[in-house]
Number of protein chains: 2
Amino acid sequence: MPPFDLARPGKSGAVDIHPCGACPVRALTVCAALEEEELSRLADIVHTHRVEGNQTIFSEGDTAANMFNVTAGSVKIYKLLPDGRRQITGFLFSGDFMGLAVNDRYAYSAETVATTSICRFPRRKMDQLMDEFPKLQRRLFRLASNELAAAQDQMLLLGRKTAKEKIASFLVMLAQRAVRRGQRDNPVHVPMSRADIADYLGLTTETVSRTFTQLKSSGAIRLLEGSKVQITDTGKVYEMAEGG
Amino acid sequence: MPPFDLARPGKSGAVDIHPCGACPVRALTVCAALEEEELSRLADIVHTHRVEGNQTIFSEGDTAANMFNVTAGSVKIYKLLPDGRRQITGFLFSGDFMGLAVNDRYAYSAETVATTSICRFPRRKMDQLMDEFPKLQRRLFRLASNELAAAQDQMLLLGRKTAKEKIASFLVMLAQRAVRRGQRDNPVHVPMSRADIADYLGLTTETVSRTFTQLKSSGAIRLLEGSKVQITDTGKVYEMAEGG
DNA sequence: CATTTGCTTTGATATGGATCAACACAGAGG
DNA sequence: CCTCTGTGTTGATCCATATCAAAGCAAATG
């Protein structure tokens, strides 16, 4: 499939400039750091895009020309081994930020999960704004710190949790993030495929499927229409997530 | 074992104020961002400590009152599950920075591997300096970005690599970090125990031991005196690390 | 010097999750 | 309506790594 091309947004992604002042996820993200005047400066450099599911936003090793903010939908970021083994290192939802670079290159690839809206900021202009507005810089630092903490949780999961604990943790994570965005946490919306979940949790699709079935049989969850999972025994699921 | 108590350094760790200007690892760390005057301001708030091996520096959940810089030796940072399963999320060496916090709490525990020297900066004063010197803030942001990239590499390792690939990656990582500190990369110094390596790579001590033995038998490495590992077939080891 | 203690290595066996294989199911396209 | 295609589920078997057990070895202790 051809990658979503940000340089020619008219082709596979429609550009529609919308005012940051009315942005529904503003409070959640970098932009929360900014006053009116600063925000308008940010609005000057931003482009918003709408992208279909399973489109590449950027690839590991690309020159990191932009930073992004997800405003709706979801994105997966991942790394590959030469033989194709894949590790998804994170799922992003509205309000989440991505595009941190090392040596001006993206350290991972990013792909949409389903139809997604993103804001794009040219990195060079973003750097200028950071110099001008230390608050912005500080906000980004804090976001990076939080991501780092999340990454460490994920390492604990990957290195030391069982399949059942991994799935439970995954559901809890999705629920908690839904709450943070002001959405309902139960039933949990699980928009990604079994294959994506497997590559996020260090499992295979079969094991993911079987584990969902087990949780269902044990009465901990129920699988609903539209990629929703109802957590019927919250205590049990939360306990499992912590390795109880 | 009683934790190393930073509040009473005379007890288990000796304080010796040394001038940052003469710091041997200055170029490697946060301090590289700073001019003379700024550096002296940093020197005003720093305390240096010498800590024995296997001493706790801080624990997950503690109020994050300080930030630290390792100037010699090595430190492991880790998270625990309630039943004691442990995931080491990183090893730190001279020049490395630690103490990023979320909600003013440390997100992980830190313990020395062997005798280690660290500088301690009170967080509140560090925050003030960051406001005063944007360069410092920017430097910390860049360090956090690098750590995030390293964390993603580690997720790929934990989720998708075999035991042999994990050990090879581990040796390569140690070698590359030694080079960055200006030390020789072969033989590699491996100061940590088999148990620590296991908890870093998501394995058991037995598997770590067996895998070292295999690599030795296959002629890829040789185990030397003093926790040193000679990489005798660099090509093979690097290839293995990438999953070749 | 003998003893204890804490690693590390090695061996035997078990098992959680991978792999291989088949089928079910829903949406898309002809 | 039927076929095709992608995704998910379920079953049978396998294997990489865990677990359980014992022994080797070196540094610390008395």
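Source: prediction; values computed, not measured. Only this structure's heavy atoms are used, side chains among them; waters, hydrogens and symmetry mates stay out. Chain letters run A, B, ... following the sequence lines, proteins first and then strands; every chain starts at 1.
- With rounding to whole Å, B:N54 atom CG is found 8 Å from C:dC7 atom P.
- Within the 4.0 Å cut-off from OP1 or OP2 of C:dA18, at least one side-chain nitrogen or oxygen of A:T204 is found.
- Comparing B:K161 and A:R210 by the nucleotide of DNA chain D whose heavy atom lies nearest to each, the residue mapping closer to the 5' end is A:R210.
- C:dT15 atom P lies 16 Å from atom NZ of A:K164, rounded to whole Å.
- A:T205 comes within contact range of no nucleotide atom at all, as no heavy-atom separation falls under 4.0 Å.
- For C:dT10, the base has no donor-acceptor partner in the side chain of B:R194 [N/O atoms by modelled type, under 3.5 angstrom].
- Between B:R86 and B:D196 there is a salt bridge, with a side-chain nitrogen of the basic residue lying less than 4.0 Å from a carboxylate oxygen of the acidic one.
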Given B:Y106 and B:N66, is the side-chain contact (heavy atoms from CB on, under 4.5 Å) satisfied, shown in steps?
CA-CA 10 Å; B:Y106 295 119; B:N66 296 293; 3.8 Å; yes
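- Taking both residues in full, the closest heavy atoms of A:S94 and A:T71 are given as CB-O, 3.2 Å, listed atom of the first, atom of the second, then distance.
- With contacts defined as side-chain heavy-atom distances shorter than 4.5 Å, the pair A:S109/A:T56 does not qualify.
- As rounded to whole Å, 15 Å separates atom C1' of C:dG16 from atom CG of B:L203.
- With respect to A:K76 and A:D199, no salt bridge is recorded, no charged nitrogen being found less than 4.0 Å from a carboxylate O.
- Ring pair A:F68/A:F58 is parallel by interplanar angle, where below 30° counts as parallel and above 60° as perpendicular.
- Scanning both residues, A:E111 and A:N54, for their nearest heavy atoms gives OE2-OD1, 3.6 Å.
- Candidate nucleotides C:dG11, C:dG17, C:dC7 were compared by shortest atom distance to the side chain of B:E206, and C:dG11 ranks first.
- Atom pair B:I197:CD1 and C:dT9:C1' shows a separation of 14 Å (rounding to whole Å applied).
- End-to-end axis angle for the helix from C:dC1-D:dG30 to C:dG30-D:dC1, using five pairs per end and rounding to 10°, comes out at 30°.
- Checking the phosphate oxygens (OP1, OP2) of C:dT8, no side-chain nitrogen or oxygen of B:S209 falls inside 4.0 Å.
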Go through it in stages, so that I can follow the logic: the residues are B:K79 and A:D153, the test is side-chain contact (heavy atoms from CB on, under 4.5 Å), and I'd like the CA-CA distance, side-chain angles, deciding distance and then a yes or no.
CA-CA 8 Å; B:K79 296 180 72 94; A:D153 283 337; 2.9 Å; yes
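- Toward the 5' end of DNA chain D, the nearer of the two residues A:M192 and A:R160, judged by each one's closest nucleotide, is A:M192.
- Geometrically, A:R194 engages A:F212 in a cation-pi contact defined by less than 6.0 Å to the ring centre and at most 45° from the axis.
- The CZ atom of B:F212 sits 13 Å away from the P atom of C:dT10 (whole-angstrom rounding).
- Nucleotides of DNA chain D lying under 4.0 Å from heavy atoms of chain B occupy a range whose first and last members, 5' to 3', are D:dT17 to D:dC20.
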